[in-house]
Protein chains: 2
Amino acid sequence: MTRKSTSVTIRDVARQAGVSVATVSRYINHNAPVSEDVAQKLEQVMAELQYVPQAAARQLATRRTNLIGVLLTNMDNDFFSLLLRGIEEVVREQGYNLLVATYHVSNRWQSSLPIGPHNVDGMLIFADSLDDKNLAFLHHRDFPMVLIHRTPPAGLPLPCVTIENKAATHRLVDHLIDVHGKRRIILMRGEAGQEDSYWREIGFRDALDAHGLPLDPQLILKGDFDRHVAYQVMKRFLEQEAVPPFDAIFTGDDEAAIGVMRILNEKGIRVPEDVAVVGFDDMNLAAFLTPPLTTVRAPTEQVGRTAAQQLIGLLAKNAPQDIILLPTEIILRRSCGC
Amino acid sequence: MTRKSTSVTIRDVARQAGVSVATVSRYINHNAPVSEDVAQKLEQVMAELQYVPQAAARQLATRRTNLIGVLLTNMDNDFFSLLLRGIEEVVREQGYNLLVATYHVSNRWQSSLPIGPHNVDGMLIFADSLDDKNLAFLHHRDFPMVLIHRTPPAGLPLPCVTIENKAATHRLVDHLIDVHGKRRIILMRGEAGQEDSYWREIGFRDALDAHGLPLDPQLILKGDFDRHVAYQVMKRFLEQEAVPPFDAIFTGDDEAAIGVMRILNEKGIRVPEDVAVVGFDDMNLAAFLTPPLTTVRAPTEQVGRTAAQQLIGLLAKNAPQDIILLPTEIILRRSCGC
DNA sequence: TGAAATAATGTAACCGGTTACATACACACG
DNA sequence: CGTGTGTATGTAACCGGTTACATTATTTCA
């Protein structure tokens, strides 16, 4: 019994069942009628031989991979757990498989993309994981893509799914000013170039403008959406010679809020009595911080689901919606003084 | 310019460069020397044509997919964010791509596995995502697999990576008894059949035995490693006619601890003054709960990395270590009374 | 100087599916 | 009874790479 080493092929099945490979293929894919007795015979033979079609061969022949790619900037955040959950759910329901990779614009050393037309049928692209040049190239090749938490660059009509950042931040800052009487609010930015960070800043500035409040450049810090960075930056801010007066902090996102609240606590500055702190995202932790964090709820799982649906629609040649802006909602907890 | 619709192939490159496809293939894979001038010409032509080899064709020819599969039970937990992070890091470094799927023993309706030998070169299997029958079948086919948070069933010498559950739980319960004088400790189990849950229970019982304490069956609850389930179960427990006395709760994992602490808070039962609460995992949240949660730190990201390394070792025909038990560490915080 | 070894390249079979096209057969209809 | 229509099936080309084997040119060495 010197088996040919490799696995059982469609030809083995065909031979065993006494039919041609075409008939087997047709039966497997249900794309042509097969007589009842042949069907039964095939069913039996396939079970007996434990036959499973080789994905690569099928992909080569059909020029479809049945794979959806997801490109993330990194996975260093519980945020991605939610996003992936939403994506995975839809992808699985629709009979696709999921290829996950990380990549970042700044990865100059990486020659080629881990996923792309050679690999997957379509691709979800998170934020700055891919630069405009690559984006343009792939779009020119008619490669189906949906952007997540990023709007398309000028001239590239790519569908995208993101969240409402500006108005929510505006309202949150309004709340700090109107309800709690705050006047000197620190703005903590996310990573440079990050779109969420950009729109949150615009919302922040608009709110200040609307109340005729100036934005003191000394009160602009850079938290990078990272708790450790935020901790260090805030520490340095507080340990300056002359600390500018401030009565509230918009931390950019919840991760940064965690770092900020820790250093405030270490310095004996009370939240919310001495200073109000607000975040963005409403991640799992937010409600459990001390005090519970006032923030903006981002429907991250829903973003994942929606983006996956859009992409799979694209693959079925459905015209996509250009831009989907999912609504966000202010969550008032203790940390702002409420 | 009526292009043949599909993408540029290795034959296009060969023609354009005036060499044979074999030479192109050799140059791309660096598995045979190519003269300097041909190399330069190819470099130029490939850049010009933006050539990227088709993964499916290569997979078919080499019978390697360059893909690692991960099978999870679900993604409803920040736990998986950490696990995937560790896995992804190693997989990327080693030049593989990552296919993520969810599956569960109980999914009877799903006919075939989303990932397997037809799909990937090897596979990481988390806990109960795959049943013994499938496991045995795949192992019989010499399919490279590594189990995560699960030891192999009898007779199947599969490598596995998991954490030290029993001793850590034992020490944690010791601590409750010895340091804080607890005598009536509630045991909250995880999902039935889950191996972590099993060993934690063993550790729990051993600790009680070692102190000559009986385990009151009334104090055994089922939290399913889920905050909502734990909340409801604990609620029902507290709303019984005659609530059995208790002075501490081992919640099984941190997720359950969250649910338990919430209902205790609602009922006006103080932690740790009235009752001590301890968890397991030390997830991101644990340190931020009120009070901060005493728990066991599980090196989840490290588990992911290690499992991925083992699997990739297997693919390179390295003999794997049979069972890798990563150490855990007790983290004492406020919730136990410390 | 000629035989043998070495280096660079080409030819064509092969991986395991899908599918266009051909074929064979049954049945209906004028 | 010949022709037409429809159904079930087979044959073989094709998808786009890899690689065994053959071939040619160049160098080495007895």
Side-chain angles (χ1 to χ4, degrees), chain A residues 3-43 45-46 49-67 112 116-121 141, chain B residues 3-43 45-46 49-67 112 116-121 141:
Chain A
R3 180 65 71 81
K4 243 331 225 335
S5 85
T6 45
S7 57
V8 30
T9 76
I10 197 172
R11 286 167 228 266
D12 297 326
V13 176
R15 188 176 332 111
Q16 189 86 356
V19 296
S20 74
V21 293
T23 301
V24 180
S25 177
R26 289 182 188 114
Y27 176 66
I28 292 172
N29 298 298
H30 304 106
N31 50 13
V34 162
S35 70
E36 183 53 31
D37 46 345
V38 169
Q40 281 187 10
K41 181 74 182 171
L42 281 177
E43 202 59 60
V45 170
M46 284 169 56
L49 266 50
Q50 308 258 39
Y51 172 68
V52 179
Q54 205 61 27
R58 190 186 293 217
Q59 288 169 20
L60 183 55
T62 58
R63 278 179 234 114
R64 290 197 48 219
T65 63
N66 214 43
L67 287 173
S112 62
H118 60 288
N119 237 2
V120 299
D121 292 340
R141 279 274 209 274
Chain B
R3 181 64 72 81
K4 244 334 224 335
S5 85
T6 45
S7 56
V8 30
T9 76
I10 198 173
R11 286 167 228 268
D12 297 327
V13 175
R15 190 176 330 111
Q16 190 85 358
V19 297
S20 74
V21 292
T23 302
V24 180
S25 176
R26 287 181 190 116
Y27 176 64
I28 292 172
N29 299 298
H30 304 105
N31 50 14
V34 162
S35 70
E36 184 53 32
D37 47 344
V38 169
Q40 281 188 9
K41 180 75 180 170
L42 281 176
E43 202 58 60
V45 170
M46 283 170 57
L49 266 51
Q50 308 258 37
Y51 171 68
V52 179
Q54 204 62 27
R58 185 182 292 205
Q59 288 168 19
L60 183 55
T62 59
R63 282 180 229 110
R64 291 196 49 219
T65 63
N66 215 41
L67 287 173
S112 62
H118 59 287
N119 238 2
V120 298
D121 292 339
R141 280 274 210 275

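Here is how names work: the chains are called A, B, and so on, in the same order as the sequence lines, proteins then strands, and each is numbered from 1.
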Based on the rotation axes of five pairs at each end, what angle does the helix from dT1(C)-dA30(D) to dG30(C)-dC1(D) bend through, to 10°?
50°
Just verifying a value: how many Å separate Glu43(B) CD and Tyr27(B) OH, rounded to the nearest 0.5 Å?
3.5 Å
Closer than 3.5 angstrom, by distance alone: can the side chain of Thr65(B) be matched with the main-chain N or O of Gln59(B) as a donor-acceptor pair?
no
Can you tell me how far the CD atom of Gln50(B) sits from the CZ atom of Arg141(A), to the nearest 0.5 Å?
6.0 Å
Check the distance between dA7(C)'s P and Glu36(B)'s CD and give it to me in whole angstrom.
17 Å
Residue pair Ala32(A)/Asn31(B) against DNA chain D: nearer the 5' end by closest nucleotide is Ala32(A)
Strand-adjacent residues in residues 15-29 of chain A, judged by heavy atoms under 4.0 Å from DNA chain C
Ala22(A), Ser25(A), Arg26(A), Asn29(A)
CG (Asn31(A)) and OG (Ser25(A)) are apart, to the nearest 0.5 Å, by 6.5 Å
Find the distance between CD (Gln16(B)) and CG (Leu42(B)) and round it off to the nearest 0.5 Å.
11.0 Å
Answer whether the closest heavy-atom distance between the side chains of Gln54(B) and Ser7(B) falls below 4.5 Å.
yes
Ser35(A) side chain N/O closer than 4.0 Å to the phosphate oxygens (OP1, OP2) of dT9(D)?
yes
Compare all side-chain heavy atoms of Arg15(A) with those of Val21(A) and state whether any distance is below 4.5 angstrom.
no
Mind checking the CG-CD1 spacing from Leu49(A) to Ile10(A)? Nearest 0.5 Å is all I need.
12.0 Å
Nearest-angstrom distance from the residue atom CG of Leu49(B) to P of dG17(D):
12 Å
How many Å lie between CG on Asp37(A) and C1' on dT9(D), as a whole number?
12 Å
Could you state the CG-P distance from Asn66(A) to dT18(C), rounded to the nearest angstrom?
12 Å
How about Thr23(B) and Val34(B): do any of their side-chain heavy atoms sit closer than 4.5 Å?
yes
Checking only heavy atoms, does the side chain of Arg58(A) share a donor-acceptor pair with the base of dG16(C) at less than 3.5 Å?
no
Using atom types as modelled and distance alone, determine if a side-chain donor or acceptor of Asp121(B) lies under 3.5 Å from a backbone N or O of Arg64(B).
no
Quick one: does Val24(B)'s side chain get under 4.5 Å of Arg11(B)'s, heavy atoms only?
no
Which of these nucleotides, dT18(C), dG17(D), dT9(C), is closest to any side-chain atom of Ala61(A)?
dT18(C)
Length of the CD-C1' vector between Gln59(B) and dC14(C), whole Å
17 Å
Whole-Å distance between dG17(D) C1' and Asn119(A) CG?
14 Å
Write out a two-atom table: protein N or O, nucleotide N or O from nucleotides 4-6 of chain D, distance below 3.5 Å.
none

Within this structure, what is the CD1-to-C1' distance between Ile10(A) and dA12(D), rounded to whole angstrom?
14 Å
Of the listed nucleotides dG17(D), dG17(C), dC15(D), the one nearest the side chain of Leu60(A)
dC15(D)
For Arg11(B) and dG17(D), what is the distance between atoms CZ and P respectively, to the nearest whole Å?
8 Å
For Thr9(B) and Tyr51(B) the tightest heavy-atom approach is C-CE1, 3.6 Å
